[in-house]
**Q** 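Dropping the structure in here first, questions after.
Residue numbers begin at 1 in each chain, while the letters A, B, ... track the order of the sequences.
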Amino acid sequence: MDPANFTQIGPVMWRIEPTGAMRVPAIIFADEELIRGMDDRVALQACNVATLPGIVSASFAMPDAHWGYGFPIGGVAAFDPEKGGVVSAGGVGFDISCGVRTMLTSLSVKDILPVQEALAESLFRQIPAGAGSRGKITLDDAEMEAMLVGGARWAVEQGWGEERDLERIEEGGRMEDARPHYVSDRAKNRQRREMGTLGSGNHYLEVQAVEQIFDEEAAAAYGLRPDGVVVTIHCGSRGLGHQIGSEFLKEMASTAPEAGIILPDRELACAPIKSELGERYLGAMRAGINCALANREILGDLSRRVFGHHFPGTRLDLLFDVSHNTCKPETHEVDGKRRELFVHRKGATRSLGAGNPSLPRAFHAVGQPVLIGGSMGTSSYVLAGEPTSEEKAFSSACHGAGRAMSRHAALKQWSGRQIVDELAARGILVRSPSDRGVAEEAPGAYKDVEAVVLAAERAGLARRVARMRPLICIKG
DNA sequence: ATGTTC
């Protein structure tokens, strides 16, 4: 995109004034080079979101934003249910509650290196990865219902996790007001054997080394130390979330006209929050969130078992588990008034600053861990939420490096084998069932994660705490 | 993202 198309309103903040059907401005957080690297469709999609009924303040794009389905990935938008505000299936995305968790080990890099190869093989064997991957767990109807209501709490009750994990998961590990009876049988059937599986695309499990600390106080509060080893898992609600998204998108697209909603793009299909369809989607989507929370909890448990085998007595303590694709009711202050809004974050995370009452005690003084997944060959970051993120973007921040290149373009440029070999030469072991998937996820297909996190920091969304480099990557 | 076109 050409920065000349926008009004620069801060060092890393650009504004598009409302024109045509836009109800509010669009705001993009990025430096000039990130803007230049973004597809024109990022601004187009952010402007399309700004036309939706009941949108409050602005339609936002984070520094990692790229072209997505309807909403940009890296998009944030809040809607007021009392002002005709909508909920959009495309705005949440097909992978409902896709997210990241990072777990702390007491190990150092020198402990991993002698067993790196064996550990990679064990993780690859024990963590089902890839499209259509199935796990050892099969859920009957009653268990499905309990999982969709209970989320990670259900997983812990079943023995696939630890009680102490729950306070380190958004919503305490369980999204309230989930309505499994609004989830179709087809969605449930797709998920019956997919609990504890990684899936494909950008999903992964990584063993990472902490390489640099930027904020000593926050790093200490988070339990991150130089040369320490952490495990990060990125995945979502698998077939269930996808099926919910597909079904409601279709229904929302066909009923939007009768709800009086004019869609600039069919992919923005939505329904009023205060409507029968809106309520039904929200109930089903919350069940989808619980599926993702349970899935990540089980994957964490599988990881603990593998680490326990290689390093008897070692613990994996959950640092934090945060979702990237959600629509949640939240209280925000807008022009001095507190309002109950529904915030869509699509490829964006919550980023609560120090002092926020909904933070776990351990994070009260430093802010929420904001987990930034890089690409396979590059750094990942842990940031800390900044109080200024509230006024900037409804307490949100970026979620990853963000794609710079389409999957198709990446496939033309790289082979999976070549990427695996190149990374192995740099001490990064990649294991994946799909060469094609590895090529699509080539590090070169992503933006410069350093530039993305620096832009988020300069924008006052979150500040850098620690940088990690990958040692092992199990890629879906 | 996705039993990658029910």
**Q** Does a side-chain N or O from A:Ser200 land closer than 4.0 Å to OP1 or OP2 of B:dT4, or not?
**A**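 No, no such contact exists.
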**Q** How many whole angstroms separate atom CD of A:Glu441 from atom C1' of B:dT4?
**A** 14 Å
**Q** Quick one: label A:Arg186 by what it contacts on the DNA or RNA (base, sugar-phosphate, nothing), any heavy atom closer than 4.0 Å.
**A** base
**Q** Using modelled atom types and a 3.5 Å cut-off, is there a donor and acceptor pairing between side-chain atoms of A:Ser351 and backbone atoms of A:Leu461?
**A**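 At least one qualifying donor-acceptor pair exists.
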**Q** Please give, in whole Å, the distance from B:dT2 P to A:Gln243 CD?
**A**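 About 13 Å, once rounded to whole Å.
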**Q** With distance as the sole test, does A:Glu386 use its side chain to make a donor-acceptor pair with the main-chain N or O of A:Ala462 at under 3.5 Å?
**A** no
**Q** For A:Gly201, which contact category applies under a 4.0 Å heavy-atom criterion: base, sugar-phosphate, or nothing?
**A** sugar-phosphate
**Q** Specify the separation, in whole Å, of atom NE2 of A:His242 and atom C1' of B:dT4.
**A** 8 Å
**Q** Find the distance between NE2 (A:His242) and SG (A:Cys98) and round it off to the nearest 0.5 Å.
**A** 12.5 Å
**Q** What is the separation between atom CD1 on A:Ile244 and atom P on B:dT2, rounded to the nearest whole Å?
**A** 14 Å
**Q** Distance check needed: B:dT2 P versus A:Glu194 CD, whole Å only.
**A** 8 Å
**Q** May I have the distance from A:Asp185 (atom CG) to B:dC6 (atom P), rounded to whole angstrom?
**A** 19 Å
**Q** Please report, rounded to the nearest Å, how far the P atom of B:dT4 is from the NE2 atom of A:His203.
**A**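 Taking NE2 of A:His203 and P of B:dT4, I get 16 Å after rounding.
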**Q** Quick check against the 3.5 Å criterion: does A:His399 have a side-chain atom that pairs as donor or acceptor with the backbone of A:Ile372?
**A** no
**Q** Using whole Å, report how far NZ of A:Lys250 lies from P of B:dC6.
**A**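 In whole Å, B:dC6 P lies 12 Å from A:Lys250 NZ.
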